Amino acid sequence: MKIAILALQGAFEEHRQTLLKLGVESFFVRNLSDYQCQKDGIIIPGGESTTILKLLNDLNIFEPLKQDIENGLPVFGTCAGLIMLDDKHLGTMDITVKRNAYGRQLGSFFFEGDFDGIDGKIPMTFIRAPFIEKCGEGVKILSIVNGNIVAAQQERQLVTAFHPELNEDLRVHEYFLQEVVKVN
Amino acid sequence: MENRETLNRNLAQMLKGGVIMDVTTPEQAKIAEAAGACAVMALEKIPADIRAAGGVARMSDPKMIKSIQQAVSIPVMAKCRIGHFVEAQILEAIEIDYIDESEVLTPADDIYHIDKRKFKVPFVCGARDLGEALRRINEGATMIRTKGEPGTGDVIQAVRHLRKMQSEIRRIKSLSEDELYEAAKQLQVPFDLVNFVHENGKLPVVNFAAGGVATPADAALMMQLGAEGVFVGSGIFKSGNPEKRAQAIVKAVTNYDKPEMLAELSEDLGGAMVGINEQEIQLLMAERGK
C-alpha cells in the first residue's frame, strides 16, 4: 500500500510520521508530476485552506484530484483538508463547512471524544478549526463535539475537523486505512 | 489534558511550508492572502521603513491591526517590543493569533524578555543561534525564526543564523549523554531542552527563516538549509510587482528543491527591493535581545 500526502503547505510531515508508525509507505505531492505517481489513497493535511487551494489551482492539481476522488480515490482530509473537500472547494463531499468556527487561536482547544467505529475516547486537537454545518444524506456522521459535527465519511472520503496526526494515537489513521482505503 | 503551550506549538505546525508576509494595510493583507500567504504580520511600517525613519519603533496601533484581522481569514500576527509585556497584553486583548517579540522594534528591556508562559496567545521569537533559540523556548516561545537582518533585502545574516543553528544542533546530537550537562551550561538553558535536541536532532518547536529574504531563490535557499517556512518582510511590498513576487515566493517555498520550477517562477518579477549591503548597515537589529 502506498499513500500520497498532499505537501503544498501545512502539517504534512506529521502525517508521514503517523503512517510510518503504522508501517505504511507514503510520499509527498508538491507538484503535478508527484501527483501522477501511483497511489492507493491521498491525505490532505491541515494548514491554511486559502494557501492550499491557491497552490492546488496554480500547480494544476485541482482538476485531476477532483476527478480522481469522484472516481473513488480514497481521501482523508484533516482540518484544512476537510475544508478542501466541501461544497465550496473541490465539491466532492456533500458537506457545508464553517471555517474558523471557534474564532482565532484563543479558541483552539483539546478534547477527548467518541468516534463511531473506534472503541474508547479519541484525543482531538482543534486548531483554529472548522466544523461541518450541514451534510447530505449520503454522509455518515462519525463524531460530534459540543453539538458540532467534527468527523464524517461519505463512501471513500473521510474528514476530521481535528488533527489526529498531532497526537500519538494512531487509530483514526488505522480507520482510514482499514475502512476507507481497504486495499487487499 | 488541554495545554495552551502544546496548542500554540500546534498552530505553528500548521504554518509550516508557508510564507508569512509583512503587511501595513488591509489592502496589502488581501493581496498577501490571495497570493497564498499562510499568515500575515500586521505592522505600521515594514522594517525597511523603520530603518529609514529612525527613532523609537513601537507596537502598531491596535485599530490598524484589527482592520487587518477583519480583512483576511488567515492568522494575523503582530509585533511587540522585546520585554514589553504590556504591549503583549494589549495584543492578547485583541485576540491576535501570534505575537512576535521582535528585535525589529526598539527593545523596551535590555535584560529580560517577556515571560511568555503567562500568556494564552502564542509567541514567536528571533534567534541567531541554538542558545538564543532554546532560551526563548524556555521563556515560552512556541515558534522560532532566525533574526536575519530585517529591512535590508540582504539574506546573508539569515543564512549565517540558520547555518549556525543547524550546525549546533548536529553537534548536540553527536555528544555523549554525560557531555550534555556541560552543553546546557554553555548554552545557558535547562538540561531537558538540550536533551530534546540531542534525541530528536531538531528544535522542540517549528523554526522559520526571517530577515532579508527578497526573492524566490532566497526563500528556496532558506528551505534547502532546513527552515520549515519563511517570513518575508520588506521584500514583497518594497518590490516592483508585489502581487507576482508574493505568489512566486509562495510557490518557491513549496517546490524549493525543483530548480526548473524555481527558474520559471523567477522570471519577470520586476525589480526586487534595492536593499542595503551588510557592510552599509548602520543599525544591527539582530544584536538586540540575546
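All values reported here derive from a predicted model rather than from experimental measurement. Chain letters run A, B, ... following the sequence lines, proteins first and then strands; every chain starts at 1.
Here the closest heavy-atom approach between residue F27(A) and residue D34(A) is recorded as CE1-O, 3.4 Å.
Most heavy-atom pairs under 4.5 Å with chain A: of the set S73(B), A34(B), G229(B), this distinction falls to S73(B). Of the listed residues K251(B), Q13(B), M14(B), the one with more heavy-atom pairs under 4.5 angstrom with chain A than any other is M14(B). Interface check for chain B: of the options L8(A), L53(A), I52(A), the most heavy-atom pairs under 4.5 Å are formed by L8(A). Residue with the most contacts toward chain A among P75(B), G17(B), P122(B), A37(B): P75(B) (heavy-atom pairs, distance under 4.5 Å). Of all the listed residues (G103(A), P123(A), S108(A), A80(A)), the one sharing the greatest number of non-hydrogen pairs under 4.5 Å with chain B is S108(A). Of the listed residues (M261(B), K258(B), Q69(B)), the greatest number of heavy-atom pairs within a distance under 4.5 Å of chain A belongs to Q69(B).
Ion pairing of K30(B) with E27(B) is absent here, as no side-chain N (NZ or NE/NH1/NH2) approaches a carboxylate O to less than 4.0 Å. A salt bridge between K2(A) and D40(A) is absent, with no side-chain N of the basic residue lying under 4.0 Å from a carboxylate O of the acidic one. Using a 4.0 Å cut-off between a side-chain N of Lys or Arg and a carboxylate O of Asp or Glu, E63(A) and K66(A) do not qualify as a salt bridge. Looking at R81(B) and E87(B), a side-chain N of the basic residue comes within less than 4.0 Å of a carboxylate O on the acidic one, giving a salt bridge. E14(A) has a carboxylate O that lies under 4.0 Å from a charged side-chain N of K16(B), or vice versa, which qualifies the two as a salt bridge.
For K39(A) and Y35(A), the positive end sits near the middle of the six-membered ring, less than 6.0 Å away and at most 45° from its axis.
The part of A7(A) that comes within reach of chain B is its backbone (N, CA, C, O), which places non-hydrogen atoms under 4.5 angstrom from that chain. No part of A39(B) comes within reach of chain A, as not one of its non-hydrogen atoms sits under 4.5 angstrom from that chain. Contact of R128(A) with chain B is made through the side chain alone, with heavy-atom distances under 4.5 Å. When heavy atoms are compared at a cutoff of 4.5 Å, R30(A) approaches chain B by way of both its backbone and its side chain. With a 4.5 angstrom heavy-atom cutoff, Y256(B) touches chain A only via side-chain atoms. Heavy atoms closer than 4.5 Å to chain B are found in both the backbone and the side chain of L106(A). Using a 4.5 Å cut-off between heavy atoms, Q247(B) touches chain A through its side chain atoms alone.
The local environment of NZ in K173(B) is sparse, with at most 12 non-hydrogen atoms from other residues, nucleotides or ligands closer than 6.0 Å.
Here the side chain of Q9(A) pairs no donor or acceptor atom with the backbone of C38(B) at under 3.5 angstrom.
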